[in-house]
Amino acid sequence: MPLAARNALIALGITIALVSTVAYAINYLNQARITEISAIQDKISIEILSLDTQFSLLTAAPCDSTASSTTLTGELADLGTRLAYTENQLGSDNPQVLQLKNQYSLLEIRDYLITKQLAAACGAKPPVMVLYFYSNAGDCDDCDKAGYALSYLRDTYPKLRVYSFDYNLDLGALKTLIQVTKVQDSLPAFVINGKVFYGFTSLADLEKQFPKGALATSTAKL
Amino acid sequence: MGLETFAYPFLFVAIFVESFILVTLLSKPAREARARTLNTTIPTVAVIVPCWNEMTTLASTCESLLALEYPKEKLEIILVNDGSTDATSSVMQKFAHHPHVRIIHKENGGKHTALNAGIAATQAEIVGCLDADSFVEPDALREIVACFVDANVAAATAAMSVHRPNNILQYMQNAEYTFGISLRHSLSSLNGLYVTPGPFSFYRRSIVNELGGFRYGHQTEDMEMALRIQQAGYKIENAPRARVYTKAPDTLFKLIKQRTRWTSGFLRNILGEYRGLIGSYKHGTLGMLVLPSALLSIGSGIMLFSIVLFKIVQHASAAIEIRAGIPLSYAILPHGSFDWFYFPASVYLLLAFTTMLASFTLITIGKNISKTPGNLPFSIASYALLYAFIAPLWLIRATSDVARGKRRGWRY
């Protein structure tokens, strides 16, 4: 075999090995991301179940419970950010991503309900809660902007609870939530303390939809 | 399917070519070339310096030639004044008293005519060219001459690097030239060279005459001659320790002008008279691998640049759009601490990184083979930062010129 042909074959082998290693490394990294998200979800799931159980055990005096869903909400927000990044990397039609999004949405709904129940049972003023419905099926031009504006509000006002839902997700509990809140297929949509708003024009306009004083908390701006 | 998917075949080919160069560097012919000893027989040599308005650098070029470690009775230095309109002629006269320096004045006709005038004026066995903006190490000629032991060798090239790089652009070119040392050394061991650069390439005079001397060659007479040599079935060798330093363009405008000339010259030669070499099994590595890869590299350079540019603009415009109306104190600052989770790795980026890493390896090997002095880390850093964004500019310009039949002037 001529030297050039032999060298070309060796080079081809090296190239295939390098490209395969790169593809394997990226796949490994993506799987590690999914594993981490799963682990976080499992942890939150257990904590929510624990909170739920405590709430049931102390039906007579639920406010005596030292449990709080505040830290869980923070963890949920972090989980949401990671999930959004993974979805961006792997694609929104990836089966593992869809499975994680279903679980994440269930956790959000559960946290939302418990927060409401705790506030009602304790007679305390409930935190401002935003249900945000988006779509990444290419039919919502303003969803990215709305999502970023809500991230800003959530980071600036830590007591604000933002729950994001993919409107098109095939999940029974989510469909029921959409039915209950009467959100139409006109996205982005926001449910702020039970009132529904559609569309996003600017941060200032979004802020106007919040109850008076809801964003003027004692928490200092970052 | 993302836009970057189109880049995968090009990145695959780039890694393949770099692997091929590395494997060939380790092969026996390249190892033997590196172990080549200096000749005991000393042929007669003429070094031709074609000059057109070279008053600023010519004296240094001549000084470096006069310092060559070569028997003076076997060495001619032929300064050809190709109709200069500046003080080149008077600079030449300062060297007229050296017995082995000859000066030729002629009407301006282009570099190829100056070279032919020099060749016509000598009977030396080996003739070479040194551009008047280049300088050689004293032992360079002995290294080059050793390549001509094989009677089938028609030409030999040197190891080029940038003379005293002074800005980031010149450091970038220095890394590129040093990469070229590895590339030329590797490909020459398989007779795959298609250019004999102006700075210190040498030719067997009898073969040059047999082939009809230098031609205009679409402003790349060195490439045209190399292609003609290959077409005729002769060999082009490389002397990796024959160090030559050349002045590199110091501004982006000059660099793009110079490289547009080189690239359009390559395209015009290879798609014109020498089209038959592409894919030619008879011409081995040159026909089957080197020329197709060189052509593909022009297309891939433009394509990869376009993809990267499109992605940058797309991301930047999306980032600006979603941040509209958000306080700057939040919008421009990164949030959170470093987390491996968000490490922006993708197949595309890692393959691009692999290609870059292989390039850095070849640059380092080039420096070590040739024992070229200089600040390599800064050159590599400049190369990594700039080359991928600058090279496509001349590739696009040259391709556009060839497609439109546009011809530009020589001087940058």
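All figures in this text were calculated on a predicted structure; none of them were measured in a lab. Per chain, numbering begins at 1; letters A, B, ... match sequence-line order.
Residue B/I15 touches chain A through both its backbone and its side chain, counting heavy-atom pairs closer than 4.5 Å. Both the backbone and the side chain of A/A32 come within contact range of chain B, judged by heavy atoms closer than 4.5 Å. Of the two parts of A/A204, neither the backbone nor the side chain holds a non-hydrogen atom closer than 4.5 Å to a non-hydrogen atom of chain B. For B/S346, the part lying under 4.5 angstrom from a heavy atom of chain A is the backbone only. Looking at A/L12, the atoms closer than 4.5 Å to chain B (heavy atoms on both sides) sit in the backbone and in the side chain alike. With a threshold of 4.5 angstrom between heavy atoms, B/T24 approaches chain A through its backbone and through its side chain. Neither the backbone nor the side chain of B/A318 has a heavy atom closer than 4.5 Å to any heavy atom of chain A.
Side-chain atoms of A/D185 and A/Y167 form no donor-acceptor pair, as typed in the model, at a separation below 3.5 Å. A donor atom on one side chain and an acceptor atom on the other are not found under 3.5 Å apart for A/E108 and A/S164. In this model, a donor atom of one side chain and an acceptor atom of the other lie less than 3.5 Å apart for B/E176 and B/Y387.
Among the candidates B/W340, B/F12, B/F343, B/F16, the residue making the largest number of heavy-atom pairs closer than 4.5 Å to chain A is B/F16. Chain A forms the most heavy-atom pairs under 4.5 Å with one residue out of B/L350, B/T354, B/L26, and that residue is B/L350. For the options B/T285, B/I21, B/L22, B/L351, heavy-atom pairs under 4.5 Å to chain A are most numerous at B/L351. With chain B as partner, the option from A/S202, A/A23, A/A4, A/A11 having the largest number of non-hydrogen pairs under 4.5 angstrom is A/A11. Contact tally against chain A (heavy-atom pairs below 4.5 Å) for B/P327, B/A324, B/G325: the top residue is B/P327.
Using the six-membered ring where Trp is involved, B/Y383 and B/F360 have ring planes that are perpendicular, over 60° apart on the 30 and 60° scheme.
Looking at heavy atoms from C-beta onward, A/F210 lies in side-chain contact with A/V130 at the 4.5 angstrom threshold.
The one candidate from A/K101, A/Q103, A/Q96 that meets the side chain to side chain contact (heavy atoms under 4.5 Å, CB included) condition with A/Q99 is A/Q103. Screening B/I363, B/T364, B/T361 for a side chain to side chain contact (heavy atoms under 4.5 Å, CB included) with B/F179, the sole residue that qualifies is B/I363.
Between the side chain of B/S317 and the main chain of B/Q314, a donor-acceptor pair closer than 3.5 Å is present.
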